[in-house]
Colleague: 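Below is one structure. I have some questions about it.
A, B, ... follow the sequence lines: proteins, then strands. Residue 1 opens every chain.
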2 protein chains.
Amino acid sequence: MTKNREMMNEKELTELAELFKVFGDSSRIKILYALFETEMGVGDIADTIDMTISAVSHQLRILKQNHLVKSRRDGKSIFYSLDDDHVYKILAMGKEHIEE
Amino acid sequence: MTKNREMMNEKELTELAELFKVFGDSSRIKILYALFETEMGVGDIADTIDMTISAVSHQLRILKQNHLVKSRRDGKSIFYSLDDDHVYKILAMGKEHIEE
DNA sequence: TAATTAGTTGAACAGATGTTCAAATGATGA
DNA sequence: TCATCATTTGAACATCTGTTCAACTAATTA
């Protein structure tokens, strides 16, 4: 588990920080958490977590750029879902820490 | 692994975001990474990652408040070290994600 | 084609964040 | 006690970030 420590260079550390920055906002965390249940359209996400559609859309763009969610269009709607099972692992790990 | 999902409430999600926010800065990530090697005084950390002592001290305060590092005084120096092995797990998980 | 539904986009704004600088604190040794 | 070393602290500053609002695009249906 510790064998790759020495392979982290400055660029990689910066990338790591960028990734965690994405998780470091409660709106985005709520969106990700909502998407654990099921894929959803933007309007449904907004209703679920009580944000405007525009704000959710802006945040979804960030999540998508970072490969944490993916989308598919179906008619007028665009359904978003989690892109990667690391997402859950990372959240679970953080949760473990704060619950101590 | 998924059994605790439904126990995340809004407050807990906000706490989670706060935790990730702490990881979401490259200076703090570099400090944590430096401390994987060994405990260090503030000046040595500053040298290692090329920051001013003051900037490092400010960031160490944030890391300490969030229970990611702990400190002990020995004479004039204050040695910092990682407080929790979740720190490494969380970093390792993030690293796994960006390396895909 | 016009109206409607669903979502995106960009500019503007307010609030948060990280660094710097200078001053202050605490421990040690002369 | 005075000087020095190691670190902390607070204010000021510039930058970054998230939300809002209005305008826009895309797909569907009347």
Side-chain angles (χ1 to χ4, degrees), chain A residues 10 13-35 38-83, chain B residues 10 13-35 38-83:
Chain A
E10 180 145 351
L13 290 172
T14 303
E15 267 184 85
L16 243 192
E18 292 305 312
L19 175 65
F20 285 122
K21 204 171 285 179
V22 179
F23 284 91
D25 174 78
S26 57
S27 297
R28 286 191 291 267
I29 288 275
K30 284 178 199 166
I31 291 172
L32 291 174
Y33 186 63
L35 293 177
T38 176
E39 69 170 6
M40 278 196 249
V42 181
D44 285 343
I45 298 174
D47 286 348
T48 302
I49 66 180
D50 196 32
M51 285 176 65
T52 66
I53 289 174
S54 176
V56 170
S57 180
H58 278 298
Q59 298 305 336
L60 283 169
R61 181 168 41 78
I62 294 170
L63 291 170
K64 199 174 177 184
Q65 280 166 353
N66 286 274
H67 310 294
L68 302 179
V69 303
K70 57 183 192 288
S71 64
R72 67 177 182 86
R73 185 180 269 280
D74 179 9
K76 279 180 279 192
S77 296
I78 298 178
F79 289 94
Y80 281 86
S81 56
L82 299 182
D83 191 10
Chain B
E10 180 145 351
L13 290 173
T14 302
E15 266 185 85
L16 242 193
E18 292 305 312
L19 175 65
F20 285 122
K21 204 171 286 181
V22 180
F23 285 92
D25 174 77
S26 57
S27 297
R28 287 191 291 267
I29 288 275
K30 285 178 199 166
I31 291 171
L32 292 174
Y33 186 64
L35 294 176
T38 177
E39 70 169 6
M40 278 195 248
V42 182
D44 285 342
I45 298 174
D47 286 347
T48 302
I49 66 180
D50 195 33
M51 283 176 66
T52 67
I53 290 175
S54 176
V56 170
S57 179
H58 278 297
Q59 297 306 334
L60 283 169
R61 182 168 40 78
I62 293 171
L63 291 169
K64 199 174 177 183
Q65 280 167 352
N66 286 275
H67 311 294
L68 301 180
V69 303
K70 58 184 191 290
S71 64
R72 68 179 181 84
R73 185 181 268 279
D74 179 8
K76 280 180 279 194
S77 296
I78 297 177
F79 289 93
Y80 281 86
S81 56
L82 299 183
D83 192 9

Colleague: If you assign Gly24(A) and Asp74(A) each to the DNA chain D nucleotide with the nearest heavy atom, which residue ends up on the more 5' nucleotide?
Modeller: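 Closest to the 5' end, via its nearest nucleotide, is Gly24(A).
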Colleague: Would you give the length of the straight line joining atom CG of Leu60(B) to atom CG of Leu32(B), rounded to the nearest 0.5 angstrom?
Modeller: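 That separation rounds to 9.0 Å.
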Colleague: Would you check if the side chain of Arg61(A) reaches a backbone N or O of Leu63(A) as a donor-acceptor pair within less than 3.5 Å?
Modeller: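 Side chain of Arg61(A) to backbone of Leu63(A): no pair is present.
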Colleague: Figure out the NZ/P separation between Lys30(A) and dG18(D), and round it to whole Å.
Modeller: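 Roughly 13 Å, once rounded to whole Å.
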Colleague: Earliest and latest nucleotide of DNA chain C, 5' to 3', sitting under 4.0 Å from a non-hydrogen atom of chain A?
Modeller: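 Both ends considered, the range comes out as dT5(C) to dG10(C).
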Colleague: For Gln59(A) and dT19(D), is the shortest distance between a side-chain N/O and OP1 or OP2 below 4.0 Å?
Modeller: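 Looking at the OP1 and OP2 atoms of dT19(D), one of them is under 4.0 Å from a side-chain N or O of Gln59(A).
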Colleague: Between Gly75(A) and Thr52(A), which is nearer to the 5' end of DNA chain D once each is assigned its nearest nucleotide?
Modeller: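 Counting from the 5' end, the first nearest nucleotide belongs to Thr52(A).
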Colleague: How is Phe79(B) classified with respect to the nucleic acid when contacts are heavy atoms under 4.0 Å: base, sugar-phosphate, or nothing?
Modeller: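 Since no nucleic acid heavy atom lies under 4.0 Å of Phe79(B), the category is nothing.
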Colleague: Is a side-chain donor or acceptor of Arg28(B) paired with a backbone partner of Lys21(B) at a separation under 3.5 angstrom?
Modeller: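 Judged by distance alone, yes, a pair lies under 3.5 Å.
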Colleague: Take the protein atom CD of Gln65(A) and the nucleotide atom P of dT17(D), then report the distance between them rounded to whole Å.
Modeller: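 For the pair Gln65(A) CD and dT17(D) P, the rounded distance is 12 Å.
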Colleague: Kindly assign one of parallel, tilted or perpendicular to the pair Phe20(B) and Phe20(A), based on the angle between their ring planes and the thresholds 30° and 60°.
Modeller: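 Aromatic pair Phe20(B)/Phe20(A) classed parallel.
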Colleague: Could you grab the distance from atom CG of Leu16(B) to atom NZ of Lys30(A), nearest 0.5 Å is fine?
Modeller: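 That separation rounds to 12.5 Å.
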Colleague: Would you mind reading off the distance between Met51(A) atom CE and dG18(D) atom P, rounded to a whole angstrom?
Modeller: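 Rounded to whole Å, this separation is 10 Å.
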Colleague: Looking across every strand, which nucleic acid part, if any, lies under 4.0 Å from Ile78(A) by heavy atom: base, sugar-phosphate, or nothing?
Modeller: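 Sugar-phosphate only.
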Colleague: Nearest whole angstrom, please: distance from the P of dA6(D) to the CZ of Arg61(B).
Modeller: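 Value for this atom pair: 22 Å.
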Colleague: Using modelled atom types only, decide if a donor and an acceptor are shared between the side chain of Asn66(B) and the backbone of Leu68(B) within a distance under 3.5 Å.
Modeller: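 Answer holds: no.
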Colleague: Round to the nearest Å and state the distance from Ile53(B) atom CD1 to dT4(D) atom P.
Modeller: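 Interatomic distance, CD1 of Ile53(B) to P of dT4(D): 17 Å.
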Colleague: What distance separates Ile49(A) CD1 from Leu35(A) CG, expressed to the nearest 0.5 Å?
Modeller: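 So the CD1 of Ile49(A) and the CG of Leu35(A) are separated by 8.5 Å.
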Colleague: Report yes if a side-chain nitrogen or oxygen of Arg28(A) is closer than 4.0 Å to either non-bridging phosphate oxygen (OP1 or OP2) of dG18(D); otherwise report no.
Modeller: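 Checking Arg28(A) against dG18(D): at least one side-chain N or O falls below 4.0 Å of OP1 or OP2.
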Colleague: Take the protein atom NZ of Lys76(B) and the nucleotide atom P of dT7(D), then report the distance between them rounded to whole Å.
Modeller: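 Whole-Å distance recorded here is 10 Å.
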Colleague: Using a heavy-atom distance cut-off of less than 4.0 Å, which residues of residues 38-50 of chain A contact DNA chain D?
Modeller: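 Residues of residues 38-50 of chain A that come under 4.0 Å of DNA chain D do not exist, since none gets that close.
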Colleague: For Ser54(B), enumerate each residue passing the side chain to side chain contact (heavy atoms under 4.5 Å, CB included) test, keeping only those at least two apart in sequence or located in another chain.
Modeller: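 Here the qualifying residues are Thr52(B), His58(B).
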Colleague: Hey, does Ser54(B) reach any base, or is it just sugar-phosphate, or nothing, if we go heavy atoms under 4.0 Å?
Modeller: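 Base contact.
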Colleague: Contact class for Lys21(A) vs. all strands (heavy atom < 4.0 Å): base, sugar-phosphate, or nothing?
Modeller: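 Here Lys21(A) touches the backbone only, sparing every base.
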Colleague: Calculate the interatomic distance between Asp25(B) atom CG and dT17(D) atom P; express it in whole Å.
Modeller: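 Checked: the CG to P distance equals 10 Å.
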Colleague: Report the distance from atom CD of Glu10(B) to atom CD1 of Ile29(A), rounding to the nearest 0.5 Å.
Modeller: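 The CD atom of Glu10(B) sits 12.5 Å away from the CD1 atom of Ile29(A).
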Colleague: Once rounded to the nearest 0.5 Å, what's the spacing between atom CG of Leu82(A) and atom OG1 of Thr38(A)?
Modeller: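 Leu82(A) atom CG to Thr38(A) atom OG1 measures 10.0 Å (nearest 0.5 Å).
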